[in-house]
Amino acid sequence: MYRVFWIESEVARSEAFPPDALAAALAFAEALRARRRMGDTLSFVTIASEDPGQVGESGTADPRADYDWVKRRPPPRRRG
């Protein structure tokens, strides 16, 4: 899913778009930017996306207890 965020006259606003509507979200954001260029009091126009098929939470976490990381390459040698 996509969401376009913007601030209009000091009020935060947003508009949601379904996962298959990236082109519509981009066109909506560009229309907001065009209004800003014409003098409307719009700022902070941005698009955020979320993958509904994402597995797990975003961000970082400690590795599982059974995670066994192995470095496969030797460290680079320093030039003396």
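One is the number of the first residue; the rest follow in order along the sequence.
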Interatomic distance, E10 atom CD to S43 atom OG [nearest 0.5 angstrom] = 7.0 Å

query = Hey, what do you get for CD1 (I7) to OG1 (T41), rounding to the nearest 0.5 Å?
reply = 10.5 Å

query = Got a second to check how far F17's CZ is from I47's CD1, nearest 0.5 Å?
reply = 8.0 Å

inquiry  = Pair R3, E50 - check salt bridge (Lys or Arg N to Asp or Glu O under 4.0 Å), show working.
reply    = CA-CA 9 Å; R3 188 167 287 271; E50 180 181 38; over 6 Å; no

ask   = Taking the side chain as C-beta and beyond, is there a heavy-atom pair between V4 and T46 under 4.5 Å?
value = no

task = May I ask you to decide whether E30 forms a salt bridge with R37, counting only side-chain N to carboxylate O separations under 4.0 Å?
result = yes

key: From D40 atom CG to S9 atom OG, the distance as rounded to the nearest 0.5 Å   = 8.0 Å

query = Would you say R13's side chain and F5's backbone share a donor-acceptor pair under 3.5 angstrom?
reply = no

key: Shortest non-hydrogen contact from R35 toward L42   = CB-CD1, 3.6 Å

ask   = Got W6 and F44 here, is their nearest side-chain heavy-atom distance under 4.5 Å?
value = no

remark   = Scanning both residues in full, the closest heavy-atom pair of P19 with Y2 reads O-CE1, 3.2 Å

task = Look at the side-chain heavy atoms of Ile, Leu, Val, Met, Phe, Trp and Tyr, link any pair under 4.5 Å apart, and say whether V45 and M1 land in one connected group.
result = no

